[in-house]
Amino acid sequence: APSVTQVPVAEGKSVQQTVEMLTRKLELLGAEKQGTFCVDCETYHTAASTMSNQGQTGKLMYVMHNSEYPLSCFALFENGPCLIADTYFDTLMVKLKGFFQNAKANKIESRGTRYQYCDFLVKVGTVTMGPSARGISVEVEYCPCVIANDCWNLLMEFMQSFMGNHTPGVPSVFGTKHDSIYSPADTVVQYMELFNKIRKQQQVPVAGIR
């Protein structure tokens, strides 16, 4: 059951330097690199032609991929359900362009390195929009446990060991799950929330980039 959180850029450092500080801490703990990962998200909005003139506001839909699930594509509606489809869904979206239009400028992704430490899987990613790095994501999963609430204390203790006071609170998705089994869609929802938060943050110049 993974927890996905944003880690702020360290004072006086760039995004890249902060990522290096986090991964160094993990390596000092004894975590080993296990390849790379990528989670991406494209935003679609309802095409104007499909809305009646009742002053309706368009709905947003997010189409996401997670390299951990290479054969799946996730479609999430704003405040709505999450659909898990196969990778042909992308082709379908092209055919639906009369209904949903791709807000290309809004494409956002997180990529980085996967680390294994005992039963934990940790992914530290740089979140980019267009050419620029906008933030840092950390996903931590306790692999043996599929019921989120059973392992939250363990996850938190481990996160504190390398994230210190940036350790997150319980993700909202955990609260809605109670004792049910965690699914890949729950991870993707957490990334969507994190990406939306990063999109909304005002662009402020990051210290440490000369």
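We use all heavy atoms of the structure for the numbers below, so side chains are in, but hydrogens, waters and symmetry mates are not.
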When rounded to the nearest 0.5 Å, the distance separating NZ of K107 from CZ of F195 is 10.0 Å
Would a distance-only check, ignoring hydrogens and angles, find a side-chain to backbone donor-acceptor pair under 3.5 Å from D186 to S183?
-> yes
Same hydrophobic cluster for F162 and Y142, using side-chain heavy-atom links shorter than 4.5 Å among ILVMFWY?
-> yes
Could I get the full list of ring pair (Phe, Tyr, Trp, His ring centres under 6.0 Å) partners for F37, not counting sequence neighbours?
-> none
With sequence neighbours left out, what residues match R111 under salt bridge (charged side-chain N to carboxylate O under 4.0 Å, His left out)?
-> E109
For the pair T18 (side chain) and S14 (backbone), establish whether a donor and an acceptor sit closer than 3.5 Å, ignoring hydrogens and angles.
-> yes
Just checking, any donor-acceptor pair under 3.5 angstrom between side chains of T113 and T36?
-> no
CE of M192 to OG1 of T187: how many Å apart, nearest 0.5 Å?
-> 13.0 Å
Kindly assign one of parallel, tilted or perpendicular to the pair F120 and F158, based on the angle between their ring planes and the thresholds 30° and 60°.
-> parallel
Nearest heavy atoms of I198 and G135, plus distance in Å = CD1-CA, 4.3 Å
I would like to know whether R199 and C41 meet side-chain contact (heavy atoms from CB on, under 4.5 Å); could you show each step before the answer?
-> CA-CA 12 Å; R199 272 198 200 100; C41 174; 3.9 Å; yes
Regarding E42 and N102, is there a side-chain donor-to-acceptor distance under 3.5 Å anywhere?
-> yes
Taking atom CG of L154 and atom CH2 of W152, what is their separation to the nearest 0.5 Å?
-> 11.0 Å
Out of curiosity, I108 CD1 to Y191 OH, how far, rounded to the nearest 0.5 Å?
-> 12.0 Å
Among V9, V127, L194, which one satisfies side-chain contact (heavy atoms from CB on, under 4.5 Å) with I136?
-> V9
Quick one: pull up CD in E32 and OH in Y117 and give me the separation to the nearest 0.5 Å.
-> 11.0 Å
Sidechain-backbone polar pair: Q190 side chain, V4 backbone, donor-acceptor under 3.5 Å | yes
Extract all donor-acceptor atom pairs below 3.5 Å that involve side chains of residues 62-75 and protein atoms in other chains or at least two apart in sequence.
from : atom 1 : to   : atom 2 : distance (Å)
Y62  : OH     : N196 : ND2    : 3.4
H65  : ND1    : D40  : OD1    : 2.9
H65  : NE2    : D90  : OD1    : 3.3
H65  : NE2    : D90  : OD2    : 2.8
N66  : OD1    : E68  : N      : 3.0
S67  : OG     : C38  : N      : 2.8
S67  : OG     : C38  : O      : 3.3
E68  : OE1    : R114 : NE     : 3.2
E68  : OE1    : K123 : NZ     : 2.9
E68  : OE2    : R114 : NH2    : 2.7

Non-hydrogen atoms of A133 and T128 that approach each other most closely = CA-CG2, 3.8 Å
Would you kindly confirm whether F99 and F89 end up in one hydrophobic cluster when ILVMFWY residues are joined by side chain heavy atoms under 4.5 Å apart?
-> yes
